[in-house]
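Let me begin by presenting the structure, written as structure tokens, before commenting on it.
Atom set for the values below is all heavy atoms of this structure, side chains included, hydrogens, waters and symmetry mates excluded. We number each residue from 1, following the sequence as shown.
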Amino acid sequence: MLPIRLRLTLSYGGLLFLALALSGTAVVTLLRQRLTARLDAALDDRLRGVETFLIHETTPATADLIPKELAEYALTQPEGQLIDVRDSHGRVLLQGDAIPSPARARHRSFALYGENYQTKAAASEEPIAESVEEIRFLLVWSSPVLLLFIGLTGYWISSRSLRPVDEMTRVARSIGALDLSSRLPVPPARDEISRLAEAWNEMLERLDESFTRMQRFTADAAHELRTPLASLRTTAQLALRRPREAQEYREALEQVVTISERMNQLAESLLAIARGEHPCPPQVFTRVELASLVRGISAELQPLFAERNLELQVDVPAGPAYFDADADGLRRLLVVLLDNALKYTQADGKVTVVLQESSDGYSVAVSDTGPGIPHDALSRIFDRFFRVDPSRDRQTGGHGLGLAIARQIARAHHGQLEASSVVGEGSTFRLSLPKAADGVW
Ligand code: ADP
């Protein structure tokens with residue numbers, strides 16, 4: 001395939017050639033027509049001149065002097081020799097000179113004093129042919145020069161405008177998968193090419209961000225796994241160091257089970273996060289009745305709250321609250337919020353779940369009377385692996401992934417999950433689910 005700049009030049013050159021050929025032919029044809037028409041008009045004038053002359057200069061009495069008068073008239077006319085006049089009997093009254101061909105002739109007949117006269121004026125077409133030939137010569141020889149000039153200029157212009165593309169290609173080739181920090185040069189002119197470069201840079205930015213996020217996530221996940229793995233190994237190594245009683249082995253194995261369960265939970269959360277990167281597409285959302293979903297989950301978790309002596313209060317509208325959603329996702333999200341409220345609220349506390357419908361959607365708020373979240377930590381609790389107080393939270397079994405998963409799910413529903421809290425009084429997590437404007441996401 002030819003390079004774009006050459007293809008552009010060739011196609012414009014071809015079009016220009018066609019345009020020149022068509023306009024050249026039109027000019028030549030038109031010129032020939034106009035010149036011939038003008039010659040005809042001049043010949044007609046001449047013939048009318050002869051008629052007018054005879055009408056004015058002769059009378060019925062002097063009719064037989066007509067040949068003489070005509071000869072005199074011819075003498076006064078510069079081109080007089082070119083006119084023939086005959087009477088109705090075919091007698092020649094005035095004989096014009098012979099004209100070399102190509103010649104053009106016009107005829108006219110008129111009656112005078114009972115006699116019919118035939119006149120004929122002729123002129124050479126040679127000057128017309130010469131003028132047309134000159135123009136044709138000019139067009140035929142100037143066209144290739146014009147074509148060459150415009151072709152070269154066109155090639156130069158397209159090369160110049162495509163130069164940034166070469167530069168972008170060079171830089172794009174040098175961007176490796178592991179180094180997404182380079183950006184394409186954006187040409188200063190605000191045109192298609194600079195927009196293309198900007199679009200590429202935005203895409204690189206997004207790739208870079210998600211790549212960095214992935215790297216950090218992998219590093220954090222590995223870090224999280226290292227601690228329980230180390231405890232597993234140490235527990236086993238200690239137990240194996242010397243022969244022990246059955247009871248001691250039993251305790252060691254129980255600890256192994258506890259640690260493995262924790263690791264299992266972590267693996268589950270990591271899986272949920274990975275799945276959240278590709279959330280359930282809106283087309284497969286199903287109709288979910290939020291009031292019964294909230295009531296159902298609360299009922300399932302109620303025994304755990306009772307066990308910790310916590311009051312769980314559920315406040316949902318009486319009527320049905322339909323919403324198109326990924327039902328499993330929403331359930332997981334609500335479990336994270338209720339589980340946190342359960343984990344972080346001291347005994348005798350109170351947890352409230354409120355479902356409300358508004359004109360533009362639904363909101364579910366989970367409030368507790370727990371320790372609250374310090375202001376500076378509030379914006380980070382949705383980050384993966386973030387825990388307000390790692391030492392305290394370690395005992396409660398969290399990995400700092402629950403809220404990250406919950407927010408991911410909220411976003412997959414075009415919704416929002418936000419937290420507000422007063423230290424010492426409690427926290428509220430509010431999920432807002434907007435209704436789609438047209439009922440379809
Ligand atoms: P975890 O598994 O540690 O609970 P989350 O992502 O669910 O992870 O929560 C992140 C951190 O936010 C928790 O470690 C905890 O410090 C804080 N947090 C979450 N919910 C509450 C709450 N209801 N009250 C107080 N602190 C909370």
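Considering all non-hydrogen atoms of both residues, A123 and L43 come closest at CB-CD2, 3.9 Å. Of all the heavy atoms in S427 and G372, the pair that sits closest is OG-CA, 3.5 Å. The nearest pair of heavy atoms linking S269 to L401 is CB-CD1, 3.5 Å. Contact detail for A377 and V388: the closest heavy-atom pair is CB-CG2, 4.1 Å. For the pair I373 and S421, the tightest heavy-atom approach, listed with the atom from each and the gap, is N-OG, 2.7 Å. In terms of heavy atoms, L139 sits closest to G24 at CD1-CA, 3.6 Å.
Remark: D45 pairs with R48 by the salt bridge (charged side-chain N to carboxylate O under 4.0 Å, His left out) rule, at least two apart or across chains.
In this structure, D84 contributes its side chain and G96 its backbone to a donor-acceptor pair below 3.5 Å. At distances below 3.5 Å, at least one donor-acceptor pair connects side-chain atoms of E289 with backbone N or O atoms of A291. In terms of modelled atom types and a separation under 3.5 Å, the side chain of S23 and the main chain of L20 share a donor-acceptor contact. Between the side chain of N201 and the main chain of L184, a donor-acceptor pair closer than 3.5 Å is present. Proximity of a side-chain donor or acceptor of S101 to a complementary backbone N or O of A103 within less than 3.5 Å is not detected. Checking side-chain atoms of R308 against main-chain N and O of L342 turns up a donor-acceptor pair under 3.5 Å.
A salt bridge links E205 and R183; the closest N-O separation between the charged side-chain nitrogens and carboxylate oxygens is under 4.0 Å. Residues R331 and E300 are paired through a salt bridge, judged by an N-O separation under 4.0 Å between the basic side chain and the carboxylate. Ion pairing of R430 with E418 is absent here, as no side-chain N (NZ or NE/NH1/NH2) approaches a carboxylate O to less than 4.0 Å. Ion pairing between a basic and an acidic side chain is recognised when a charged N comes within 4.0 Å of a carboxylate O; R190 and E198 show such pairing. Using a 4.0 Å cut-off between a side-chain N of Lys or Arg and a carboxylate O of Asp or Glu, R104 and D40 qualify as a salt bridge. Between R170 and E167 there is a salt bridge, with a side-chain nitrogen of the basic residue lying less than 4.0 Å from a carboxylate oxygen of the acidic one.
Contact of the D360 side chain with the P434 side chain is not registered, since no non-hydrogen atoms from C-beta on lie closer than 4.5 Å. Taking the side chain as every heavy atom from C-beta outward, T345 and T369 approach each other to under 4.5 Å. Contact annotation: the side chain of L431 never approaches that of S363 to less than 4.5 Å [non-hydrogen atoms, C-beta and beyond]. V364 is not listed as a side-chain neighbour of L290, based on a closest heavy-atom distance of 4.5 Å or more. Using a 4.5 Å heavy-atom threshold, the side chains of S158 and I4 count as separate. Residues R216 and D383 are not in side-chain contact: their nearest non-hydrogen atoms beyond the backbone lie 4.5 Å or more apart. The shortest distance between side-chain heavy atoms of I405 and R332 falls below 4.5 Å. At least one side-chain heavy atom of R387 sits less than 4.5 Å from a side-chain heavy atom of H399.
Considering CZ of R384 and CD of Q408, their distance stands at 5.5 Å, rounded to 0.5 Å. The structure places CG of L138 at 12.5 Å from CZ of R136, a figure rounded to the nearest 0.5 Å. In this structure, the separation between OG on S210 and CD on Q215 is 10.0 Å, given to the nearest 0.5 Å. The distance from the CD1 atom of I175 to the CG atom of L180 is 7.5 Å, given to the nearest 0.5 Å. For the atom pair Y249 OH and R244 CZ, the distance stands at 7.0 Å (nearest 0.5 Å). Taken to the nearest 0.5 Å, the CZ atom of R108 stands 12.0 Å off from the CD1 atom of I83.
Crowding of R7 atom CZ: a count of heavy atoms from other residues, nucleotides or ligands under 6.0 Å exceeding 12. Around CZ of F385, the count of heavy atoms belonging to other residues, nucleotides or ligands within 6.0 Å exceeds 12. Enclosure of atom CZ in F17 is not indicated, since only 12 or fewer non-hydrogen atoms of other residues, nucleotides or ligands lie within 6.0 angstrom.
By the 6.0 Å and 45° rule, K435 does not stack over the aromatic ring of F323.
Here F285 and H413 bring their ring centres to under 6.0 angstrom of each other.
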- Task: List the steps, then state whether side-chain hydrogen bond (donor to acceptor under 3.5 Å, both in side chains) holds for E251 with Q247.
- Result: CA-CA 6 Å; E251 277 166 15; Q247 178 59 24; 3.3 Å; yes
- Query: Can you check salt bridge (charged side-chain N to carboxylate O under 4.0 Å, His left out) on R5 and D166, steps first, answer last?
  - Reply: CA-CA 12 Å; R5 61 201 73 177; D166 290 339; 3.3 Å; yes
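Below 30°, between 30° and 60°, or above 60°: for F382 and F429 the angle between ring planes is above 60°, a perpendicular geometry.
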